[in-house]
Number of protein chains: 2
Amino acid sequence: MTALLHHFSQYITLSDDLSSEISNRVKHQTFKKGHLLHDANKICTHSYFIQAGLLRLYFLKDGKEVSEYFCCEKEWVNSPRSFMQQKADIYYIDAIEDTTVFTLHVQDLVFLFNHFPEMERYARLSMGSMVGHFLERITSMRFTTAREKYTHFCETYHDIYHRIPLGMIASYLGITQETLSRIRAGK
Amino acid sequence: MTALLHHFSQYITLSDDLSSEISNRVKHQTFKKGHLLHDANKICTHSYFIQAGLLRLYFLKDGKEVSEYFCCEKEWVNSPRSFMQQKADIYYIDAIEDTTVFTLHVQDLVFLFNHFPEMERYARLSMGSMVGHFLERITSMRFTTAREKYTHFCETYHDIYHRIPLGMIASYLGITQETLSRIRAGK
DNA sequence: AATAATTTTTGATCTGTATCAAAAAAATCA
DNA sequence: TGATTTTTTTGATACAGATCAAAAATTATT
């Protein structure tokens with residue numbers, strides 16, 4: 001719990017009231033490696049704050065999994081468009097490692113938004129850094145070689161890139177696993 | 001002005017008080033085609049809501065302009081990371097067409113955030129749709145041919161793709177102008 | 001521990017797109 | 001309106017990375 005409250009406090013000042021509302025509405029859960037937390041084509045009703053472990057957002061293209069991104073400790077995970085707009089979307093969420101999370105239901109989040117304006121601010125600010133990350137990623141995807149993409153990936157995902165299977169990294173980068181394998185081999 | 005207030009009202013309920021605060025703090029401006037609204041390596045202090053015209057965000061890579069994205073009527077434009085975090089960044093903003101905007105200074109926006117919680121909500125929601133767009137773009141950038149990228153571009157930028165020079169579209173898509181020219185020619 | 005399943009590596013070939021070069025077309029300017 | 005600049009098109013060639021195929025290594029299962 002401390003980790004979650006500490007996370008909020010990096011963006012806003014947490015009143016005791018808000019702290020306890022958050023604590024009371026959040027649920028602690030554990031998922032085994034390989035577990036599917038969210039299914040495509042369904043409405044995402046929960047958001048997960050990772051305490052320990054590693055989750056992945058992916059979708060299917062021509063029957064093959066394409067990793068959209070990876071989330072680790074101290075990050076929220078959900079199917080963004082599905083969770084925000086409460087509509088179906090293409091993303092699956094699964095666990096790359098055994099993972100423990102704090103789970104928040106969308107209705108509880110709505111309650112928090114409606115009763116605590118600082119929660120709106122928190123969401124605005126954290127969404128802002130999400131936009132920043134996406135921008136950087138889009139920039140680094142164009143006019144770069146496969147090797148440059150991989151190097152950039154290792155830099156930005158510095159603490160977790162070695163915990164992610166090669167094939168998942170390759171699809172995240174938009175290159176084939178064969179190519180990534182050769183890059184790693186230094187060919 | 002109506003256009004701007006109408007825009008806000010699509011996300012939040014505008015009180016008379018908030019409406020007039022917005023109106024009083026916003027400044028109407030016109031820029032000629034080719035005008036540089038914002039410079040790289042400087043702090044972005046203004047956000048522009050386009051009334052008519054077309055603006056572009058771009059950066060330099062190896063001395064060449066790479067278009068990050070295009071913004072048209074009824075959209076806010078700024079250098080996102082620079083404006084949000086008030087630090088220097090790589091983006092330039094220029095006008096592809098003669099453009100009229102409503103200009104808001106970052107300090108006025110901060111005032112609005114501090115006095116009107118619904119502005120925080122507005123920012124959260126509009127940032128959310130920004131995240132959605134970026135996600136879709138990242139998806140459509142991987143494992144697609146140059147032709148598919150262009151087709152997707154024309155679909156999402158349906159009303160403006162014909163107003164943007166070919167070379168700018170090519171760099172936006174991460175392909176060369178020669179390739180895009182051949183695609184258009186149907187080769 | 002042995003077997004099965006999955007993931008990664010290696011090899012050979014093919015192809016889409018980049019690159020380099022220059023002509024044609026369009027836009028801008030005096 | 002003609003001259004100059006910029007943008008787009010066309011052509012020839014080269015190469016990074018995809019694809020297809022299969023072996024090797026790793027991981028999971030009984």
Side-chain angles (χ1 to χ4, degrees), chain A residues 31-36 53-54 56 58 60-67 70 92 94-99 139-154 160-187, chain B residues 31-36 53-54 56 58 60-67 70 92 94-99 139-154 160-187:
Chain A
F31 302 109
K32 284 248 189 69
K33 173 177 179 172
H35 183 261
L36 197 68
L54 191 51
R56 173 179 69 134
Y58 71 95
L60 294 179
K61 167 140 188 154
D62 306 326
K64 285 189 290 187
E65 295 181 1
V66 178
S67 298
F70 311 100
Y92 300 82
D94 70 356
I96 294 181
E97 301 174 348
D98 292 352
T99 301
T139 300
S140 80
M141 285 178 80
R142 285 173 301 171
F143 307 111
T144 51
T145 62
R147 166 166 280 112
E148 287 170 331
K149 288 183 179 80
Y150 179 64
T151 303
H152 181 264
F153 172 80
C154 292
I160 57 168
Y161 77 93
H162 54 278
R163 292 153 65 184
I164 304 169
L166 175 143
M168 292 184 185
I169 295 176
S171 71
Y172 170 90
L173 296 175
I175 62 180
T176 60
Q177 3 182 16
E178 292 93 327
T179 296
L180 181 52
S181 176
R182 281 183 250 261
I183 287 170
R184 278 190 171 172
K187 303 283 297 210
Chain B
F31 302 110
K32 284 248 188 69
K33 173 177 178 171
H35 183 260
L36 196 68
L54 190 52
R56 172 179 70 134
Y58 71 95
L60 294 179
K61 167 141 187 155
D62 306 326
K64 286 189 290 189
E65 295 181 1
V66 177
S67 298
F70 311 100
Y92 300 82
D94 70 355
I96 294 180
E97 302 174 347
D98 290 354
T99 301
T139 301
S140 80
M141 285 179 80
R142 285 173 301 170
F143 306 111
T144 50
T145 62
R147 167 166 279 112
E148 287 170 331
K149 289 185 180 78
Y150 180 63
T151 303
H152 181 263
F153 172 80
C154 293
I160 56 167
Y161 76 93
H162 54 278
R163 292 154 62 184
I164 304 169
L166 176 143
M168 291 183 186
I169 295 176
S171 72
Y172 169 90
L173 295 175
I175 63 180
T176 59
Q177 4 183 12
E178 293 94 328
T179 295
L180 182 51
S181 176
R182 281 183 251 261
I183 287 170
R184 279 190 170 171
K187 305 282 299 212

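Each chain gets a letter, A, B and so on, in the order the sequences are listed, and its residues count up from 1. Just so we're clear, the structure is a prediction, and the values are computed from it rather than from any experiment.
We find that NZ of Lys149(A) is positioned 10 Å from C1' of dG17(D), with the value rounded to whole Å. Rounding to whole angstrom units, CE of residue Met141(A) and C1' of dT17(C) are separated by 16 Å. Atom C1' of nucleotide dT7(C) and atom CZ of Arg184(A) are separated by 11 Å, given to the nearest angstrom. Atom-to-atom, CG of Leu180(B) to P of dG16(C) comes out at 17 Å; the value is rounded to the nearest Å. Between the P atom of dT8(D) and the OH atom of Tyr150(B) lies a distance of 11 Å, rounded to the nearest Å.
A search for side-chain hydrogen bond (donor to acceptor under 3.5 Å, both in side chains) contacts involving Thr139(B) returns Glu68(A), Tyr91(A), not counting sequence neighbours. Considering only residues two or more places apart in sequence or on other chains, Lys61(B) meets the side chain to side chain contact (heavy atoms under 4.5 Å, CB included) condition with Phe143(A), Thr144(A), Phe59(B), Val66(B). Shown here are the salt bridge (charged side-chain N to carboxylate O under 4.0 Å, His left out) partners of Glu178(B), two or more places apart in sequence or in another chain: there are none. Remark: Arg163(B) pairs with Glu73(B), Glu97(B) by the salt bridge (charged side-chain N to carboxylate O under 4.0 Å, His left out) rule, at least two apart or across chains. In this structure Leu36(B) satisfies the side chain to side chain contact (heavy atoms under 4.5 Å, CB included) test together with Asp39(B), Tyr58(B), Tyr92(B), Asp94(B), sequence neighbours excluded.
Note that the two end axes of the helix from dA1(C)-dT30(D) to dA30(C)-dT1(D) enclose an angle of 60°, each drawn from 5 base pairs, rounded to 10 degrees.
Side-chain contact check for Phe153(A) versus Ile164(A): some heavy-atom pair is nearer than 4.5 Å.
Contacts between residues 166-173 of chain B and DNA chain D, defined by a heavy-atom separation below 4.0 Å, involve Leu166(B), Gly167(B), listed by number.
With Thr99(A) contributing its side chain and Phe31(A) its backbone, the two residues share no donor-acceptor pair below 3.5 Å. Judged by distance alone, the side chain of Ser181(B) and the main-chain N or O of Gln177(B) form no donor-acceptor pair under 3.5 Å.
To the nearest 0.5 Å, atom CD1 of residue Ile183(A) and atom OG1 of residue Thr145(A) are 7.0 Å apart. Between atom CG of residue Asp98(A) and atom NE2 of residue His35(A) there is a gap of 11.5 Å, rounded to the nearest 0.5 Å. The line from CZ of Arg142(A) to CD1 of Ile175(B) is 11.5 Å long, rounded to the nearest 0.5 Å.
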Practice problem: Mark up nucleotides 19-30 of chain D, 5' to 3', with B wherever a protein heavy atom is under 4.0 angstrom from a base atom, S wherever such an atom reaches only the sugar-phosphate, and - elsewhere. | Solution: BB-------S--
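Side-chain atoms of Tyr150(A) and Arg184(A) include a donor-acceptor pair closer than 3.5 Å.
Note on Gly34(A): nothing from the nucleic acid sits closer than 4.0 angstrom, heavy atoms only. Contact annotation for Ile175(B): backbone-only contact, meaning every heavy-atom pair under 4.0 Å involves sugar-phosphate atoms and none involves a base.
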Listing time: all N or O pairs from protein to nucleotides 13-16 of chain D that are below 3.5 Å?
none

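Between Ser181(B) and dT8(D) there is no side-chain N or O to OP1 or OP2 distance below 4.0 Å.
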